[in-house]
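A short worksheet on the structure shown next.
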Amino acid sequence: MDSGPRGWVVCVLSGTGRARRADWSVVPDAAAVLAATAGCDAVGVDIPLALPSGGVRREAEVVAAARLGPARSSLFPTPPAAVLHAVSYADACAAAQAVTGKKISLQAWHIVPKIRDFRAVELPASVVESHPELSFRTMTSGVDFASKKTARGAGQRIAALSGWADPGRLLGDLPTTARLDDVLDALACAWTAERVARGTAELLGPGTDDRGRSTAIAV
């Protein structure tokens, strides 16, 4: 699933091969995500589920950034745990600088409420962190993907997904409040989740944080 301006875009897959189908919904928060995906063998979420407690970037992000190459800007550093207590961007920058020596980006600050939300619920082990751009580049290597917000970029990602499932069946009944780029990202997370369920996914940066959550990014 992927986060959009109106909530989380959730894709629940059923079936196999070209007969896969997707049930779509847009839900407001982490609790609703867990309700919508109850019973799923695995769930891929495009949000950091483990935070660094010190000034060192997570191993998973270092490895993922190297894999992304020129697209590494799509994976900005996860803010340290201290940032979660900030009430403003200025406070967050001060907290991050005290721990890492660097301020956090405005992009990172904007996802802090969503990180807080997912840390406030009890996540089953089946919920894993994924990164759509890494998934797309894994399912179709060698493609110079354009921005996902362009027609060319959307077409490239649909073409990449077509090697795994029938885009016509997956995209035929989308929620009216979902954006196409968020839908495609949600499908990339579902692709990763299916690999996790089958035991064929690669876990970048394996390990656990101080809460016992996996620090890995699945792909």
Side-chain angles (χ1 to χ4, degrees), residues 1-5 8-24 40-49 57-78 105 107-108 110-111 128-175 178-206 216-219:
M1 82 202 67
D2 189 64
S3 177
W8 288 94
V9 180
V10 179
C11 167
V12 176
L13 293 177
S14 59
T16 59
R18 305 294 291 180
R20 287 184 187 86
R21 298 193 65 85
D23 291 321
W24 294 94
C40 290
D41 294 328
V43 180
V45 184
D46 182 18
I47 198 73
L49 298 179
R57 193 175 187 186
R58 292 189 305 161
E59 180 189 352
E61 293 178 22
V62 174
V63 177
R67 292 272 188 98
L68 286 166
R72 62 173 57 89
S73 61
S74 66
L75 179 69
F76 44 89
T78 297
S105 68
Q107 283 178 307
H110 285 158
I111 68 168
V128 299
E129 181 178 340
S130 59
H131 188 270
E133 289 304 304
L134 190 60
S135 296
F136 279 121
R137 284 160 176 77
T138 301
M139 68 178 79
T140 308
S141 61
V143 174
D144 183 16
F145 284 96
S147 168
K148 63 184 179 181
K149 296 184 181 298
T150 66
R152 176 177 175 79
Q156 289 173 317
R157 287 162 178 80
I158 291 170
L161 289 164
S162 69
W164 165 63
D166 179 357
R169 294 176 70 91
L170 298 179
L171 302 173
D173 188 23
L174 298 176
R179 302 184 311 192
L180 180 58
D181 60 321
D182 294 326
V183 163
L184 296 177
D185 281 354
L187 281 171
C189 290
W191 176 85
T192 295
E194 185 173 276
R195 284 162 58 87
V196 170
R198 290 181 172 179
T200 60
E202 186 176 0
L203 300 179
L204 307 184
I217 296 175
V219 66

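Computed from a predicted structure; not experimentally measured.
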Beyond-backbone contact of [X] with [Y], side-chain heavy atoms, under 4.5 angstrom:
{"X": "L75", "Y": "L68", "value": "yes"}
{"X": "L13", "Y": "L170", "value": "yes"}
{"X": "V12", "Y": "C40", "value": "yes"}
{"X": "L161", "Y": "F136", "value": "yes"}

- Task: Can you tell me which residue pairs pass the side-chain hydrogen bond (donor to acceptor under 3.5 Å, both in side chains) test with a partner in residues 158-174, sequence neighbours excluded?
- Result: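 Those involving residues 158-174 are W164-E194.
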Identify, with sequence neighbours excluded, every residue that meets side-chain contact (heavy atoms from CB on, under 4.5 Å) alongside [X].
{"X": "S73", "answer": "none"}
{"X": "A197", "answer": "D41, A42"}
{"X": "P175", "answer": "W24, V26, T177, A178"}

- Query: Looking only at heavy atoms, which two atoms of A71 and R137 are closest? And how far apart?
  - Reply: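 Between these two residues, the closest heavy atoms are CB-NH2, 3.4 Å.
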- Supply the atom-to-atom distance M139 CE to L187 CG, rounded to the nearest 0.5 angstrom.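 Separation between the atoms: 8.5 Å.
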Residues 151-160, side-chain donor-acceptor partners within the protein, below 3.5 Å, at least two apart:
residue: Q156; atom: OE1; partner: A146; partner atom: N; Å: 2.6
residue: Q156; atom: NE2; partner: D144; partner atom: O; Å: 3.2
residue: R157; atom: NE; partner: E133; partner atom: OE2; Å: 3.3
residue: R157; atom: NH1; partner: A146; partner atom: O; Å: 2.8
residue: R157; atom: NH1; partner: G153; partner atom: O; Å: 2.9
residue: R157; atom: NH2; partner: E133; partner atom: OE1; Å: 2.8
residue: R157; atom: NH2; partner: E133; partner atom: OE2; Å: 3.3
residue: R157; atom: NH2; partner: A146; partner atom: O; Å: 3.1

- Query: What residue among V45, I47, T192 forms side chain to side chain contact (heavy atoms under 4.5 Å, CB included) with S130?
  - Reply: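 Option passing the side chain to side chain contact (heavy atoms under 4.5 Å, CB included) with S130: T192.
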- Task: Scan residues 59-70 for pairs that pass salt bridge (charged side-chain N to carboxylate O under 4.0 Å, His left out), counting only residues two or more places apart or in two chains.
- Result: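 Salt bridge (charged side-chain N to carboxylate O under 4.0 Å, His left out) check on residues 59-70 returns R57-E61, R58-E61, R67-E202.
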